[in-house]
Amino acid sequence: MLTINVAVLLVVIVALRLRRRTEARSRFDEKMTVVIVLALGIMLAPTDVGQGIASFLGQLVSSVSQAGQ
């Protein structure tokens, strides 16, 4: 039986939607992309991958803010 991880499916959908030209998008299309990306973020946040990404981004922001001082 084939199982598909919903987070992986959402990553594929987001990648395909973002490949389209910006001029060809309607407001509804842009809103739908935002909703899909938010759903992906909510699904990844409690996982180990999501925690790793959050940790990496936190370190990146910290180092950038320290470099600006």
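These numbers come from the heavy atoms of this one structure, side chains and all, not from hydrogens, waters or symmetry mates. If you read the sequence from its start, that first residue is 1, and numbering goes on from there. Model, not experiment: these values are computed from the prediction.
Linking Ile, Leu, Val, Met, Phe, Trp and Tyr whenever their side-chain heavy atoms come within less than 4.5 Å puts I36 and F28 in one cluster. Clustering ILVMFWY residues whenever any of their side-chain heavy atoms sit less than 4.5 angstrom apart, transitively, puts L9 in a cluster other than the one holding L38.
In this structure, S55 contributes its side chain and Q51 its backbone to no donor-acceptor pair below 3.5 Å. Side-chain atoms of S62 do not come within 3.5 Å of backbone N or O of G58 as any donor-acceptor pair.
Taking Ile, Leu, Val, Met, Phe, Trp and Tyr as hydrophobic and joining them when side-chain heavy atoms fall under 4.5 Å apart, one finds V12 in a cluster with L16.
Under the rule for a side chain to side chain contact (heavy atoms under 4.5 Å, CB included), the partners of V37 that lie at least two apart in sequence or sit in another chain are V14, T33.
The line from CZ of R17 to CD of E30 is 10.0 Å long, rounded to the nearest 0.5 Å.
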